[in-house]
Amino acid sequence: MGQWTEEVDKMENRTSLPLPKMLTIDQVQEILNLGKPMVYALVRSGELRAATFGPRGIWRVREDDLAAYIDAAYEKTAERIASGQVPDGEAAAEE
């Protein structure tokens with residue numbers, strides 16, 4: 001039995017693990033409340049992990065990758081606030 005076949009057999013044994021939920025770019029846009037160009041910019045920069053599927057290259061983002069991006073954004077913001085990079089009133093100006 002070839003190595004590739006053995007790897008496929010191991011993958012078939014993974015059926016007990018749940019597959020991650022895949023989100024469309026539109027869903028990510030809605031969750032983050034950002035424009036579609038900004039979501040694509042995050043994907044292109046590598047800040048937000050995504051993958052293309054199928055012959056048309058449809059983009060999908062795993063739910064856990066979006067959660068990781070959100071967590072990282074909160075950490076980065078907290079670091080900016082702690083270092084004084086976010087002046088008072090900047091967050092309120094966004095609203």
key: Residue pairs involving residues 25-37 (criterion salt bridge (charged side-chain N to carboxylate O under 4.0 Å, His left out); sequence neighbours excluded)   =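 Matches after skipping sequence neighbours: D26-K36.
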
With sequence neighbours excluded, residues passing side-chain contact (heavy atoms from CB on, under 4.5 Å) with [X]:
| X | answer |
| --- | --- |
| K76 | none |
| F53 | M22, A51, R60 |
| L34 | L32, M38, V39, L42 |
| R56 | I58 |

List the atom pairs, donor and acceptor, that lie under 3.5 Å between side-chain atoms in residues 63-73 and the rest of the protein, sequence neighbours left out.
residue	atom	partner	partner atom	Å
D65	OD1	R62	NH2	3.3
D65	OD2	R62	NE	3.0
D65	OD2	R62	NH2	3.3

key: Shortest non-hydrogen contact between A50 and V61, atoms and distance   =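 Closest approach of A50 to V61: CB-CG2, 3.7 Å.
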
